[in-house]
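Counting from 1, the numbers follow the sequence of the chain as shown.
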Amino acid sequence: MSIMPVTETDERSPLLHTPLRYNSEITPLTSPLPNNHDAASSSTTPTNRKQRLVSLDVFRGLTVALMILVDDAGGAFPSINHSPWFGVTLADFAMPFFLFIVGVSVSLVFKKVSSKPEATKKVVLRFIKLFLLGLILQGGYFHGRDDLTYGVDINNIRWMGVLQRIAIGYLLASITEIWCVNNNEVNSAMAFGKKYYIQWVVAFLLGILYMALLYGLYVPDWTFEVVNETSLLSVPIYGTETQTVHCGVRGSLEPPCNAVGLIDRFLLGESHLYQRPVYKRTEECSINSPDYGPLPPNAPAWCLAPFDPEGLLSSLMAAITCFMGLQYGHIMVHYKGHMQRIIIWLVCSSSLLVLGYVFTVIGIPLSKPLYTLSYMCITTGASGILLIAMYYTADVINIRKPMVLFQWMGMNALIVYALAACDIFPAALQGFYWRSPENNLVTATELLFETVLHSEKWGKLVFVLLEIIFWGLVAGFLHIKGIYIKL
């Protein structure tokens, strides 16, 4: 990881004519989401630097802010927290937003590639660094807020996570953008399709593989060991360490017997999966559903089983979101008129939303943990609509001041995500306390708002909103100083 100062340039981008201009030396992985241009893989020179698209920074920053909001306030407001299994809530759009903007940005980063082997080398290196960063942040080493310990047993480290999934999507999208795009000139819709048809084929094959495994794999009965005895869920209700989940089915999308969990248990290992999955908030597993809570009477054994929401099979479908983002970026590259871009994006987004609804009608439910086909279409369509809104506001009519905090956060999204969304900074701040660990600045501030508002949940919400503003100001300070954190 390095820090790069950024200077301004007077060169205007052929993609965007706005007064705000930045050096293009910012790497595509300065966030968990790529920035707009990459000098290492394009033909950019000091006299031919590209302008930043403000809308991409705003989109990226808004996504990080959304993740902070739903992660920190979701416990107080279960309606915005992740859906326990089927359906979508506000929180369930965060991951697709990340993946979508990765694809958009990759299409701009590799618009021109001077050396394919060199560009591939840099992509693979960034993939490795991003994956390893995900292991450090989400593998169990840091224990989060209200826990002043750290460290993880390698036998129980979590292999997958948000950054790891983004790394996989980034790798697949970038490799196809470098090697699978021909040099044909785009002067029609047919020429556009011919130029990028291999990417569509790859995305289609990923989708076919996902659907074939999801509905075709036979899931036998399986066992697991109860390892988290400090959970809110009551382990003694079963009285033994080893539990058996009865399946013997094919094509099930329910929590205990789906192929996504089967593949992760087989390839990653039960002990390396997320130990507190969202289905522990279902009615079968929590008397406080849709929130976490004690087990209800006669709860099924699988309520205590691990499941990774960023697993291997579901990451195949998640990568398709990156490929869809690629095509939105290609439209930006080849169509120069603002309204022309917006109309094409709107048609694509509306089609995806309708297609996603059709899939739900024919029996493919919305499920973020499984990253179902309907979920991919709905969330990608919503991502496109959000991109249109941000692009029109920030880059067409140049209304930027109301979104400046999100813009700043998007320009330094990696550091904000790591310190805030992964609770590194709050947990570190809690390490300074007065006499008792409970007497720390973070807890005291949150308690103050709850007392003033006479409400635990509204006090929590105000605290989280101020937290987002704080990180926006921190990112703004870094921007003013010309400091951008990159991998």
What side-chain donor-acceptor pairs closer than 3.5 Å can you find for residues 470-478, not counting sequence neighbours?
none

Which pairs of donor and acceptor atoms, one on a side chain in residues 376-389, lie under 3.5 Å apart (sequence neighbours left out)?
from	atom 1	to	atom 2	distance (Å)
Thr379	OG1	Tyr375	O	2.6
Thr379	OG1	Met376	O	3.3
Thr380	OG1	Met376	O	2.6
Ser383	OG	Thr379	O	2.7

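Every residue two or more places apart in sequence or in another chain that forms a ring pair (Phe, Tyr, Trp, His ring centres under 6.0 Å) with Trp458 is listed here: Phe77. Every residue two or more places apart in sequence or in another chain that forms a side-chain contact (heavy atoms from CB on, under 4.5 Å) with Glu254 is listed here: Phe86, Ser252, Pro256. Partners of Thr443 under the side-chain hydrogen bond (donor to acceptor under 3.5 Å, both in side chains) rule, at least two apart in sequence or in another chain, are Gln430, Asn440. Take Val354 and apply the side-chain contact (heavy atoms from CB on, under 4.5 Å) test, not counting sequence neighbours, and it matches Val358. Residues that satisfy the side-chain hydrogen bond (donor to acceptor under 3.5 Å, both in side chains) test with Asp264, not counting sequence neighbours, are absent from this structure. Every ring pair (Phe, Tyr, Trp, His ring centres under 6.0 Å) that Tyr141 has, sequence neighbours left out, goes to Tyr150. Residues satisfying the side-chain hydrogen bond (donor to acceptor under 3.5 Å, both in side chains) criterion with Glu456, sequence neighbours excluded, are absent altogether. For the side-chain hydrogen bond (donor to acceptor under 3.5 Å, both in side chains) test, residues two or more places apart in sequence or in another chain that qualify with Thr282 are Glu284. For Phe131, the ring pair (Phe, Tyr, Trp, His ring centres under 6.0 Å) partners are Phe127, not counting sequence neighbours.
Sequence neighbours left out, the pairs with a member in residues 314-329 that pass side-chain hydrogen bond (donor to acceptor under 3.5 Å, both in side chains) are Arg165-Ser314, Arg165-Ser315, Gln199-Gln327, Thr321-Tyr371, Gln327-His330, Tyr328-Ser349.
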**OP:** Show your working on ring-ring contact (aromatic ring centres under 6.0 Å, His included) between Phe323 and Trp200 and close with a plain yes or no.
**Re:** CA-CA 8 Å; Phe323 282 92; Trp200 286 100; 9.1 Å; no
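Ser83 and Asp92 form no side-chain donor-acceptor contact under 3.5 Å, judged by distance and modelled atom types alone.
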